[in-house]
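Quick caveat, the model's predicted, so the values are computed rather than measured.
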Amino acid sequence: MVTDVIDREITVGDYVVYYNNIYIVKKVPDKARENSDGSVRIKLANPSPTTRSTIKRSKELCLLNKDDVLLWLLKKTH
């Protein structure tokens, strides 16, 4: 189990924040290190056509509520 900065489990499809940007989790490792840390593949939640995914440590990420992110995405398009 891979966890975020406050020890909540991260799964594929979750939204996380990293340095003031919102990302969607694309891949989570099968096994975590001893402190529930792992390398998570993430991609911007509102990507441009040239946006690529990146890999970050799970302990540098913080989970966001999916409903809140949906509202933010809808607001951003108007």
Side-chain angles (χ1 to χ4, degrees):
M1 178 174 75
V2 177
T3 60
D4 71 346
V5 70
I6 54 176
D7 294 326
R8 295 179 293 180
E9 183 178 4
I10 298 175
T11 59
V12 174
D14 284 340
Y15 289 96
V16 294
V17 65
Y18 177 77
Y19 281 100
N20 205 30
N21 288 309
I22 298 175
Y23 294 86
I24 187 167
V25 176
K26 293 294 187 178
K27 187 176 180 185
V28 178
D30 294 333
K31 293 184 180 179
R33 296 183 191 117
E34 63 220 25
N35 61 350
S36 299
D37 191 17
S39 298
V40 178
R41 181 164 294 276
I42 57 176
K43 188 172 183 179
L44 281 172
N46 192 15
S48 71
T50 59
T51 301
R52 295 183 180 194
S53 63
T54 186
I55 297 175
K56 300 295 178 195
R57 289 182 51 234
S58 67
K59 292 297 184 180
E60 296 175 342
L61 308 173
C62 187
L63 279 173
L64 296 172
N65 182 316
K66 288 184 181 184
D67 295 332
D68 293 342
V69 174
L70 176 62
L71 289 174
W72 173 77
L73 287 170
L74 289 173
K75 180 181 171 187
K76 191 170 178 98
T77 60
H78 284 41

Co-membership, hydrophobic cluster, residues Leu70 and Tyr23, 4.5 Å side-chain: no
Closest approach of Leu61 to Lys56 (non-hydrogen atoms, all atoms of both residues): CD2-CB, 4.2 Å
Check whether any side-chain heavy atom of Val25 lies under 4.5 Å from a side-chain heavy atom of Thr11, and answer yes or no. no
Does Asp37 come within less than 4.0 Å of Arg57, counting only side-chain N to carboxylate O? yes
Hphob cluster co-occupancy, Val12 + Val16, side-chain heavy atoms under 4.5 angstrom: yes
Report whether Tyr15 and Trp72 are members of the same hydrophobic cluster (ILVMFWY, side-chain heavy atoms less than 4.5 Å apart, transitive linking). yes
Minimum-distance pair of heavy atoms, taken over all atoms of Leu73 and Ala45: CD2-O, 4.1 Å
Same hydrophobic cluster for Leu44 and Ile10, using side-chain heavy-atom links shorter than 4.5 Å among ILVMFWY? yes
Could you tell me which non-hydrogen atom of Val2 sits nearest to which non-hydrogen atom of Pro29, and how far apart they are? CG2-CG, 3.7 Å
Does a side-chain N-to-carboxylate-O contact under 4.0 Å join Asp14 and Lys26? no
Nearest 0.5 Å, please: how far is CG in Asp4 from CD in Glu60? 12.0 Å
Just so I know, are the side chains of Arg8 and Cys62 near enough to count as touching, which here means a heavy-atom distance under 4.5 Å? yes
Has Ser53 got a side-chain atom pairing as donor or acceptor with Lys43's backbone, closer than 3.5 angstrom? no
Treating Ile, Leu, Val, Met, Phe, Trp and Tyr as nodes and any side-chain heavy-atom pair under 4.5 angstrom as an edge, say whether Tyr18 and Val5 lie in one connected cluster. no
With the side chain counted from C-beta on, respond yes when Val69 and Ile22 share a heavy-atom pair under 4.5 Å apart, and no when they do not. yes
Any idea which heavy atoms bring Ser58 and Val40 closest together, and the distance? CB-CG2, 3.7 Å
Apply side chain to side chain contact (heavy atoms under 4.5 Å, CB included) to Asp7 and Lys59, showing your working. CA-CA 8 Å; Asp7 294 326; Lys59 292 297 184 180; 2.6 Å; yes
Point-to-point distance, once rounded to the nearest 0.5 Å, from CG of Leu63 to CD1 of Ile6: 7.5 Å
